[in-house]
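To start, the structure itself, in structure tokens.
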2 protein chains.
Amino acid sequence: MSLAFAPSTDVSSAAAQAMAMRTPWTAETGLPSMGPVLHFTQDREIYGEGDEADAIFKVVSGVVRTCKFLSDGRRLIDAFHVAGDIFGVEAGAEYSFSSEAVCDCTVISYRRRGLEASASQDAGLSQQLFSYAMRSLARAQVHALLLGRRSAVEKVAAFLVDWATHSANTGTVTLEMTRQDIADYLGLTIETVSRTLSQFERDALIAFSTARQIRLTHPAALRSLNS
Amino acid sequence: MSLAFAPSTDVSSAAAQAMAMRTPWTAETGLPSMGPVLHFTQDREIYGEGDEADAIFKVVSGVVRTCKFLSDGRRLIDAFHVAGDIFGVEAGAEYSFSSEAVCDCTVISYRRRGLEASASQDAGLSQQLFSYAMRSLARAQVHALLLGRRSAVEKVAAFLVDWATHSANTGTVTLEMTRQDIADYLGLTIETVSRTLSQFERDALIAFSTARQIRLTHPAALRSLNS
DNA sequence: CGATTGCTTGATACCTCTCAACCCAGGTGG
DNA sequence: CCACCTGGGTTGAGAGGTATCAAGCAATCG
């Protein structure tokens, strides 16, 4: 289970390393020529649902969220994207999600037109596009299972265990996102997320350094909450 | 929003018509030679999660469900597949879902090996594979939004509206699946599904012919429940 | 400093689940 | 033919989990 586009290798978030090791497509393996490097400050929108999907993006540093909204404002975060992750790939003409900077972050954009031209020529690139889509699909399906059939305790535990794989030194999780982001990823409210984390602390499963820095003192127990 | 692999064209469930109009890949457009035609009786397993994924399938008639289980038996149905729909496409070596016959049904199987060989040669087929994966992804993401951020009333309404598009004569929905199937698709219990349908009947939004035959007497109202 | 933002905690409401009983149609066998 | 059984569906009562509403706290930033 992974929160986002996540190859199995796990690396630090240093941009160069990320680009070399985490990225399924690199300039070497078929992405069209690298586009402009863009910076976004916290909560800045990168693109909106319905915008013309003329570029795809790769995270260099920071964290990006992709999300959908209901008309009354309810939000579901589909995924958090970290360094090396690709986001914004669409089959149709428009983006089907919004994407925003969870924290200050840097992304590279690639013209979509160039990509499609290359794919029709390059069987390897086509294969990678298919592979990317299938991995995204698997992630979305696991997410649906989480949303549909797990309790709040299981959801929060799963989130911590998953996000811990993105942290450099195992055992300590750094949450770049707010409680609201976590709640909207898990289909909960901010209060339930907070209460569940507090419960984990009382049960000595985790220990807070700060609200955003958590030591997993008993990761096996957290993992066992995911059947 | 669609419940399953569903091109926008809507047709009856007659097999020949389905194969001609609903199927994104047909023998003509790149699927490897047609494999054996298989019949499954109600609730028979077609393949299990973890089985070697050596074939993909196309529904000829009937309805197939693909689902995942948690270790304690909780189930989530990912999708219902109707005539013309493809299911069982995997990137890895194993099926990531189980699939079972919702009712007596007929499917065609295709050797996966042949497909991959063709795809590496045929850019059009590669494109269709990518397109299939992206459509499945979009469906899974909408499903996640449903599971994570909608109430029971909204879920059941969305299900009825969606499933109605598969019925020949609009206005009447034939539910091939049990209440348990619906519940496991919506992340609810059987009782909540039943109560919600009864409530819709009291509110004159629907009318039961039988428990499995429902007239949508006020489809606009049902649709308006999906923001 | 005061204001703001993010987070936590408490009290209560309510939605959905759980457990149980019951109904109904269909099938089976005496 | 009818008693019985079974599986699917409905309904009720009550419990429980999560949401809602509200207050308070800590850190940050003008």
Side-chain angles (χ1 to χ4, degrees), chain A residues 41-43 63 65 70 72-76 100 102-104 146-157 159-160 173-203 206-214 225, chain B residues 41-44 63 65 70 72-76 102-104 146-157 159-160 173-203 206-214 225:
Chain A
T41 57
Q42 189 173 347
D43 292 327
V63 179
R65 63 177 174 254
L70 297 181
D72 60 1
R74 283 176 287 180
R75 182 179 73 158
L76 185 77
E100 298 154 4
V102 168
C103 51
D104 289 8
L146 182 83
L147 293 168
R149 283 301 183 209
R150 303 192 103 113
S151 68
V153 165
E154 293 171 321
K155 285 174 175 179
V156 175
F159 174 78
L160 286 176
V173 185
T174 302
L175 302 176
E176 284 84 1
M177 69 290 292
T178 67
R179 298 292 192 265
Q180 186 66 63
D181 286 331
I182 299 173
D184 286 345
Y185 179 73
L186 297 177
L188 299 171
T189 60
I190 184 176
E191 294 95 333
T192 297
V193 170
S194 184
R195 273 186 253 272
T196 304
L197 288 172
S198 298
Q199 188 59 51
F200 285 166
E201 186 183 27
R202 279 192 292 277
D203 297 344
I206 65 175
F208 286 98
S209 303
T210 72
R212 300 283 189 98
Q213 280 275 352
I214 302 180
L225 288 175
Chain B
T41 57
Q42 190 173 346
D43 293 328
R44 191 58 67 82
V63 179
R65 61 177 174 254
L70 297 181
D72 60 1
R74 283 176 287 181
R75 182 179 73 156
L76 185 77
V102 168
C103 51
D104 289 7
L146 182 82
L147 293 168
R149 284 298 183 213
R150 302 191 105 114
S151 68
V153 166
E154 293 170 321
K155 286 174 174 179
V156 176
F159 174 78
L160 286 176
V173 185
T174 302
L175 302 177
E176 285 84 1
M177 68 291 290
T178 66
R179 299 292 192 265
Q180 186 65 63
D181 286 332
I182 299 173
D184 287 344
Y185 178 74
L186 298 176
L188 299 171
T189 60
I190 184 175
E191 294 95 335
T192 297
V193 171
S194 183
R195 273 187 253 271
T196 304
L197 287 172
S198 297
Q199 187 59 51
F200 285 167
E201 186 182 27
R202 279 191 292 277
D203 297 346
I206 65 175
F208 286 97
S209 304
T210 72
R212 301 282 191 97
Q213 280 274 353
I214 302 180
L225 288 174

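Chain A is the first sequence line, chain B the second, and so forth, proteins listed ahead of strands; every chain is numbered from 1. Heavy-atom basis, side chains included; hydrogens, waters and symmetry copies ignored.
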Does [X] put a side-chain nitrogen or oxygen below 4.0 Å from OP1 or OP2 of [N]?
| X | N | result |
| --- | --- | --- |
| Thr192(A) | dA19(D) | yes |
| Ser151(A) | dG17(D) | no |
| Thr178(A) | dT5(C) | no |

Which whole-number value in Å describes the distance from [X] [atom1] to [N] [atom2]?
| X | N | atom1 | atom2 | result |
| --- | --- | --- | --- | --- |
| Gln213(A) | dG6(C) | CD | C1' | 16 Å |
| Asp181(B) | dG7(D) | CG | P | 16 Å |
| Gln42(B) | dG8(D) | CD | C1' | 11 Å |
| Gln180(A) | dT8(C) | CD | C1' | 14 Å |
| Arg179(B) | dC24(C) | CZ | P | 16 Å |
| Asp43(B) | dG7(D) | CG | P | 12 Å |
| Ile190(B) | dT16(C) | CD1 | C1' | 15 Å |
| Leu186(B) | dC17(C) | CG | C1' | 15 Å |

* **Residue met sooner reading DNA chain D from 5', once Arg212(B) and Glu191(A) are mapped to nucleotides** => Arg212(B)

* Assign each of Val193(A) and Met177(B) to its nearest nucleotide of DNA chain D by heavy atoms, then name whichever residue's nucleotide is nearer the 5' end. => Met177(B)

* Going by modelled atom types, is there a donor-acceptor pair between the base of dT18(C) and the side chain of Arg195(B) at under 3.5 Å? -> yes

* **From CG (Leu186(B)) to CZ (Arg150(B)), nearest 0.5 Å** => 11.0 Å

* To do: Output the single nucleotide from dC17(C), dT8(C), dT10(D) whose closest atom is nearest the side chain of Leu188(B).
  => dC17(C)

* **Leu175(B) and its side chain to side chain contact (heavy atoms under 4.5 Å, CB included) partner, picked from Ile214(B), Thr210(B), Val63(B), Asp181(B)** => Ile214(B)

* What closest approach, in Å, do Leu225(B) and Glu154(B) show between heavy atoms, and which atom pair accounts for it? -> O-CG, 3.4 Å

* Asked: Quick check: are there more than 12 heavy atoms from other residues, nucleotides or ligands sitting under 6.0 Å from CZ of Arg44(B)?
  -> no

* Asked: Reckon Leu197(A) touches a base, only the sugar-phosphate, or nothing at all at heavy-atom distances under 4.0 Å?
  -> nothing

* Asked: So does Arg179(A) pair up with Asp184(A), basic N to acidic O under 4.0 Å?
  -> no

